[in-house]
Amino acid sequence: PVPARPAADSTGQPLPPAFEFRMTTLDGEELMLVDLRGQWVLLNFWATWCAPCIEEMPYLQALAQAGTPPLTVIGVNMRETPATVRAFANEYGITFPLALYPDDAALLAYDITGLPISIVIAPDGSLVRRTAGPLLPEEFGPWLQQAVAAHPGPPQR
């Protein structure tokens, strides 16, 4: 079921509001969470050396390409070099935005203590889900469908 707000993580701990961040993508674009307001956002904190991160990449790519439900997927790499991240993205066919060098404030705000960690932010900017470990399609897919149906956000223009 879709969690009632305030949301809680898998341990039942309440989730804080989504932290407003600013990061640079692998393509050199500035990425700000406030610019994504009105969209469902999935932040995935990952690294190229993390086996579970690698295993979930095809699913994240599929989510990014599906468009239904509408979801903006952003991979947040854990401070590896742009060359390392670019080689990984090319090898695995990753086309969604990859943010580099998250600052300590973002890592603390999202409680990034291991990898992978996925954060779901609703269109109103509230944090509605935090998953430690890889996203499992059989669990996350149905949850996302229900979450979008329960909190559709503003109409798309």
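No hydrogens, no waters, no symmetry mates; every other heavy atom, side chains included, goes into these values. Keep in mind the model is a prediction, meaning the values are calculated, not measured.
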Using a 4.5 Å cut-off on heavy atoms from C-beta on, say whether the side chain of [Y] contacts that of [X].
X    : Y    : value
F45  : P116 : no
L42  : I74  : no
L107 : M78  : yes
L26  : P82  : yes

Under the salt bridge (Lys or Arg N to Asp or Glu O under 4.0 Å) test, residues paired with R86 that sit two or more places apart: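 Checked R86 against salt bridge (Lys or Arg N to Asp or Glu O under 4.0 Å); zero matches.
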Qualifying residues under salt bridge (Lys or Arg N to Asp or Glu O under 4.0 Å), relative to D27, sequence neighbours excluded: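 For D27, no residue satisfies salt bridge (Lys or Arg N to Asp or Glu O under 4.0 Å) once neighbours in sequence are set aside.
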How close do [X] and [Y] get, heavy atom to heavy atom, and via which atoms?
X    : Y    : result
M23  : A106 : CE-CB, 4.4 Å
P70  : W40  : O-CB, 3.4 Å
G125 : A18  : O-CB, 3.1 Å

Are [Y] and [X] connected in a single hydrophobic cluster, I mean Ile/Leu/Val/Met/Phe/Trp/Tyr linked by side-chain heavy atoms less than 4.5 Å apart?
X    : Y    : result
W49  : I112 : yes
I94  : Y101 : yes
L100 : Y92  : yes
I117 : L108 : no

Other residues, nucleotides, ligands: >12 heavy atoms within 6.0 Å of R22 CZ: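 No - once you tally the heavy atoms of other residues, nucleotides and ligands closer than 6.0 Å, there are 12 at most.
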Trace of the side-chain contact (heavy atoms from CB on, under 4.5 Å) decision for V148 with L71: CA-CA 10 Å; V148 169; L71 180 69; over 6 Å; no
Whether the side chain of [X] engages the backbone of [Y] through a donor-acceptor N/O pair (distance < 3.5 Å, no angle test) should be reported.
X    : Y    : answer
E56  : L135 : yes
Y110 : F19  : yes
R129 : W143 : no

Contacts of type side chain to side chain contact (heavy atoms under 4.5 Å, CB included), residue T81, not counting sequence neighbours: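 For T81 the side chain to side chain contact (heavy atoms under 4.5 Å, CB included) partners, ignoring immediate neighbours, are A83, T84.
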Residue pair E55, M57: steps toward the side-chain contact (heavy atoms from CB on, under 4.5 Å) verdict: CA-CA 6 Å; E55 291 173 18; M57 278 296 161; over 6 Å; no
Steps toward side-chain contact (heavy atoms from CB on, under 4.5 Å) verdict (L63, F140): CA-CA 10 Å; L63 285 170; F140 185 73; 3.8 Å; yes
Value rounded to 0.5 Å, distance of [atom1] in [X] from [atom2] in [Y]:
X    : Y    : atom1 : atom2 : result
I119 : T131 : CD1   : OG1   : 8.0 Å
I121 : R130 : CD1   : CZ    : 12.5 Å
N44  : N77  : CG    : CG    : 10.5 Å

Ring geometry between F88 and W46 (parallel below 30°, tilted from 30 to 60°, perpendicular above 60°):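 W46 and F88: tilted rings.
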M32/R37 under side-chain contact (heavy atoms from CB on, under 4.5 Å): CA gap, chis, key distance, verdict: CA-CA 10 Å; M32 295 180 6; R37 192 67 41 93; over 6 Å; no
Polar contact flag, side-chain donor to acceptor under 3.5 angstrom, E29-T24: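 The criterion, which ignores hydrogens and geometry beyond distance, is not satisfied for T24 and E29.
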